[in-house]
Amino acid sequence: MQAFRKFLPLFDRVLVERLTAETVTKGGIMLPEKSQGKVLQATVVAVGPGSVNQKGNVQPVSVKVGEKVLLPEYGGTKVNLDDKDYFLFRDGDILGKYVD
Amino acid sequence: MQAFRKFLPLFDRVLVERLTAETVTKGGIMLPEKSQGKVLQATVVAVGPGSVNQKGNVQPVSVKVGEKVLLPEYGGTKVNLDDKDYFLFRDGDILGKYVD
Amino acid sequence: MQAFRKFLPLFDRVLVERLTAETVTKGGIMLPEKSQGKVLQATVVAVGPGSVNQKGNVQPVSVKVGEKVLLPEYGGTKVNLDDKDYFLFRDGDILGKYVD
Amino acid sequence: MQAFRKFLPLFDRVLVERLTAETVTKGGIMLPEKSQGKVLQATVVAVGPGSVNQKGNVQPVSVKVGEKVLLPEYGGTKVNLDDKDYFLFRDGDILGKYVD
Amino acid sequence: MQAFRKFLPLFDRVLVERLTAETVTKGGIMLPEKSQGKVLQATVVAVGPGSVNQKGNVQPVSVKVGEKVLLPEYGGTKVNLDDKDYFLFRDGDILGKYVD
Amino acid sequence: MQAFRKFLPLFDRVLVERLTAETVTKGGIMLPEKSQGKVLQATVVAVGPGSVNQKGNVQPVSVKVGEKVLLPEYGGTKVNLDDKDYFLFRDGDILGKYVD
Amino acid sequence: MQAFRKFLPLFDRVLVERLTAETVTKGGIMLPEKSQGKVLQATVVAVGPGSVNQKGNVQPVSVKVGEKVLLPEYGGTKVNLDDKDYFLFRDGDILGKYVD
């Protein structure tokens with residue numbers, strides 16, 4: 001978690017870590033990589049302070065660190081921090097979040 | 001309904017479940033899949049808190065959970081929750097709703 | 001008229017029913033379908049509450065149920081309600097209305 | 001003039017009637033149709049109430065019924081009212097007007 | 001000058017008359033038409049009242065009748081008034097003006 | 001400097017004069033024209049009053065006459081004043097300025 | 001550092017210096033140039049005063065001189081100051097910054 005403490009997204013950007021794809025079926029059969037679906041679920045690891053609206057006020061982002069979110073199928077910027085891949089999404093592009 | 005309680009759309013997104021296509025005619029004849037029309041009617045299963053306007057105020061969405069709505073023929077994002085297909089639409093893209 | 005009472009367009013959408021094309025000339029000759037002009041006159045059957053402007057206020061639509069309007073040649077969304085075709089237009093796309 | 005009393009353009013639309021093209025030269029020679037220039041002068045026959053700005057106020061159109069205006073070479077929507085051709089232009093697209 | 005008194009541009013449009021191209025060099029040699037540069041200097045002959053901003057206030061144009069201006073190389077709308085060619089430019093498209 | 005006193009850019013336009021390209025290397029070798037880099041440094045010779053924002057207030061330009069600025073590689077409008085080439089840039093397109 | 005003191009970016013532009021690419025692996029093997037990844041980390045060396053919003057107020061940039069930032073893979077303008085390459089980015093295009 002040390003990497004995220006050091007990296008701060010700007011504006012309304014949200015840094016997420018995708019969940020790992022399931023490589024084994026429930027029945028125990030190993031899945032080849034091309035059969036593994038694209039993982040759209042991710043965990044928020046860092047959030048920007050929010051975007052600035054036309055009145056000059058900061059609009060905070062709508063998700064918090066640690067929340068589990070649903071990503072859109074396309075978009076996002078891959079960033080490599082400490083040899084690990086993360087993704088930056090605009091707050092407004094995240095589809096929704098999972099709440100208990 | 002458990003899945004919807006756990007998933008919360010962000011901003012002005014609306015999660016809907018399409019009605020099932022009619023597979024049998026009124027006269028009782030089974031319809032092949034390609035003869036079944038695209039279903040544009042759907043039930044709202046979860047709504048976002050609304051979009052934020054330029055003054056920083058939240059504009060609530062115009063539909064409520066449980067309402068039956070008419071979807072546009074194109075658009076929307078398919079999302080899979082608990083192995084079931086739902087669709088996310090922007091509140092402003094939903095054409096109308098059915099009221100009693 | 002029962003269908004319209006049940007369907008409520010959202011935002012600034014207006015549901016209209018096109019007038020039927022004239023299939024017989026004034027002299028009594030039947031017109032083949034391709035000689036029938038596209039009907040641009042329609043009757044408003046349902047209106048949305050209006051769009052929300054940037055200040056968060058609702059801007060009502062400029063036509064009322066029952067008014068006869070002139071539609072643009074292109075555009076509009078065909079919707080089927082109770083096995084009958086209607087069209088949804090944005091309030092701002094309707095060219096004008098006929099007043100007595 | 002009866003047709004115009006009955007038709008009311010919406011928003012900032014202006015209904016105009018183009019002046020008739022000159023079909024005879026000053027010297028008295030008849031002009032074939034393709035030698036007749038496109039007529040850009042027109043008379044305003046009906047005006048909409050104006051567009052609604054972001055503050056929700058109506059901005060009246062800048063021309064009045066009866067004024068003679070200069071139209072842009074392209075654009076406008078032909079509308080047929082009582083078997084006669086008129087044109088609808090947005091107030092902002094009309095180039096200028098002739099004043100005495 | 002009679003033509004300009006009669007024509008009033010709308011909104012932020014400016015009616016200009018281009019200066020005549022030099023057809024003779026300083027040394028007295030006549031220039032063929034294709035060697036004559038495009039004339040970008042013009043005199044303002046009529047101005048519109050100005051555009052209306054989002055608050056509903058009129059923003060006057062920045063040039064006055066009689067001022068000599070520099071036109072952009074492209075753009076503008078040719079208008080023919082009293083058999084003479086003039087050009088309409090948006091106030092914001094005029095590059096600058098010559099002051100004494 | 002007489003030319004600039006006579007020409008006044010409109011709105012947020014800035015008139016600049018590019019520095020002359022170096023035609024001789026530090027070692028004294030003459031450079032052919034195609035080896036001379038594009039000169040992006042320029043001196044401000046005239047500035048417009050500024051653009052008008054949506055509230056109707058003038059926003060002054062951010063550079064002053066005499067300042068040395070860095071131009072973007074592309075863009076700008078070449079204008080010829082008194083047989084000399086100058087360039088007009090929007091204030092917002094100038095990359096930066098050199099301060100002592 | 002003398003170059004940066006002399007150059008001041010305008011508006012919301014940020015001048016950065018990219019970190020040098022690693023040319024030797026951790027194991028001591030020299031990397032050919034095409035194997036060296038594109039360096040997206042940079043140090044802020046000068047910042048503009050900020051952009052002006054619609055109310056006429058200056059919105060300061062979100063990074064400070066000396067901060068280490070993460071650049072997007074594409075975009076930015078290369079500028080050469082004192083024979084050294086720097087890059088100008090809009091404040092809003094910088095992905096994030098590294099904080100201790």
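Here the structure is a predicted model, which means the values were calculated and not measured. The analysis underlying the following values was restricted to heavy atoms, covering all of them including side chains, and did not include hydrogens, waters or symmetry mates. Quick note on labels: first sequence line is chain A, next is B, and so on, each numbered from 1.
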S.K.: Determine whether K6(G) and V99(F) make a side-chain contact, defined as any pair of heavy atoms from C-beta on separated by less than 4.5 Å.
M.R.: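 A side-chain contact under 4.5 Å is absent here.
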S.K.: D12(F): which residues meet the salt bridge (Lys or Arg N to Asp or Glu O under 4.0 Å) condition with it, sequence neighbours left out?
M.R.: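 Per chain and number, D12(F) pairs via salt bridge (Lys or Arg N to Asp or Glu O under 4.0 Å) with R90(F).
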S.K.: Answer whether the closest heavy-atom distance between the side chains of L95(F) and F11(G) falls below 4.5 Å.
M.R.: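 No - every pair of side-chain heavy atoms lies 4.5 Å or more apart.
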S.K.: Which region of V63(F), side chain (C-beta onward) or backbone (N, CA, C, O), has a non-hydrogen atom less than 4.5 Å from a non-hydrogen atom of chain G, or is it both or neither?
M.R.: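 Side chain only.
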S.K.: Could you tell me which portion of N53(F) (side chain, backbone, both or neither) has an atom closer than 4.5 angstrom to a non-hydrogen atom of chain G?
M.R.: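 Looking at N53(F), just its side chain touches chain G.
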S.K.: List the atom pairs, with distances to 0.1 Å, where a side-chain N or O of residues 70-80 of chain F and a protein N or O form a donor-acceptor pair under 3.5 Å, not counting sequence neighbours.
M.R.:
unit_1, atom_1, unit_2, atom_2, d
N80(F), OD1, D83(F), N, 3.2
N80(F), ND2, D85(F), OD1, 3.0

